[in-house]
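In what follows, every heavy atom counts, from backbone to side chain, and hydrogens, waters and symmetry copies are set aside. These numbers come from a predicted model, not from an experiment. When a residue number appears, it is its place in the shown sequence, counting from 1.
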Amino acid sequence: MKKTALTFVALAFGMGVAFAQTTPQTEDKPAVNTEESITTDKMSDTPAQPGLREMEVADLPAAVQESLKSDEFKAYTVLAVAEVEQDDAQATTKYYQAALGESETAQPSLIVLFDEKGKAVAQKATDPEKQEE
């Protein structure tokens, strides 16, 4: 009986030591921040393009501001404007890009490129349905 009791005590002690050694240890690890920061412009859903310098509508030349207020674009709201930076130092004409939408909270539906005289030199509809029209 004594041998049986000692065997159970030894077995219980051995199991206790085994479980104590295999218990997972939790270490205080620093919190990992998994968020990424991406800057986007209002002209598109893509990250800001390197060839554009964002600006306010009030900073545009008067001719471009008048063109944006003309009958051609009065149905649109100006969402964002930018100056197109040119690599060619000898270029004399500056261009301005405007993102226009149906309302202030909408995505841009029309991208217009103006020269410094206010003439719309290029237009691109961002909505595939309107491009087909």
Side-chain angles (χ1 to χ4, degrees):
M1 178 80 176
K2 205 175 193 184
K3 288 182 181 178
T4 307
L6 285 175
T7 304
F8 284 124
V9 169
L11 183 62
F13 179 74
M15 288 178 59
V17 170
F19 283 120
Q21 291 178 351
T22 59
T23 304
Q25 299 292 325
T26 57
E27 297 177 12
D28 293 330
K29 294 181 181 177
V32 176
N33 186 2
T34 59
E35 294 180 23
E36 290 185 21
S37 174
I38 298 177
T39 58
T40 58
D41 62 0
K42 293 181 181 179
M43 295 188 155
S44 64
D45 293 333
T46 59
Q49 298 173 354
L52 299 176
R53 184 179 61 85
E54 290 186 41
M55 56 191 317
E56 297 294 322
V57 175
D59 297 334
L60 288 172
V64 176
Q65 290 181 24
E66 289 299 318
S67 292
L68 287 171
K69 293 176 186 175
S70 70
D71 291 338
E72 184 178 1
F73 303 113
K74 71 178 182 180
Y76 295 100
T77 302
V78 178
L79 301 176
V81 292
E83 181 180 352
V84 178
E85 297 176 352
Q86 298 179 5
D87 293 335
D88 187 10
Q90 297 175 354
T92 58
T93 305
K94 289 187 178 183
Y95 293 97
Y96 301 92
Q97 183 174 336
L100 308 174
E102 302 294 328
S103 67
E104 226 172 88
T105 58
Q107 293 293 324
S109 57
L110 182 66
I111 305 291
V112 184
L113 185 68
F114 294 98
D115 63 6
E116 58 190 3
K117 296 177 184 173
K119 181 180 177 189
V121 293
Q123 294 184 24
K124 179 182 178 187
T126 58
D127 188 11
E129 295 172 3
K130 290 188 178 185
Q131 284 182 347
E132 294 174 1
E133 292 178 358

Taking all atoms of both residues into account, what is the closest heavy-atom pair of [X] and [Y], and its distance?
X	Y	answer
Glu116	Pro61	O-CB, 4.1 Å
Phe73	Ala120	CZ-CB, 4.3 Å
Met55	Leu60	SD-CD2, 4.0 Å
Thr77	Glu102	OG1-O, 4.1 Å
Leu68	Ala98	CD2-CB, 4.0 Å

### Query
Any side-chain donor-acceptor pair under 3.5 Å between Gln123 and Glu72?
yes
Taking side chain as C-beta onward, heavy atoms only, is [X] less than 4.5 Å from [Y]?
X	Y	value
Val78	Leu100	yes
Glu83	Lys94	yes
Leu110	Tyr76	yes
Tyr96	Leu113	no

### Query
Within the side chain of Gln97, is there an N or O that forms a donor-acceptor pair under 3.5 Å with the backbone of Val81?
no
### Message
Using modelled atom types and a 3.5 Å cut-off, is there a donor and acceptor pairing between side-chain atoms of Asp115 and backbone atoms of Gly118?
### Response
yes
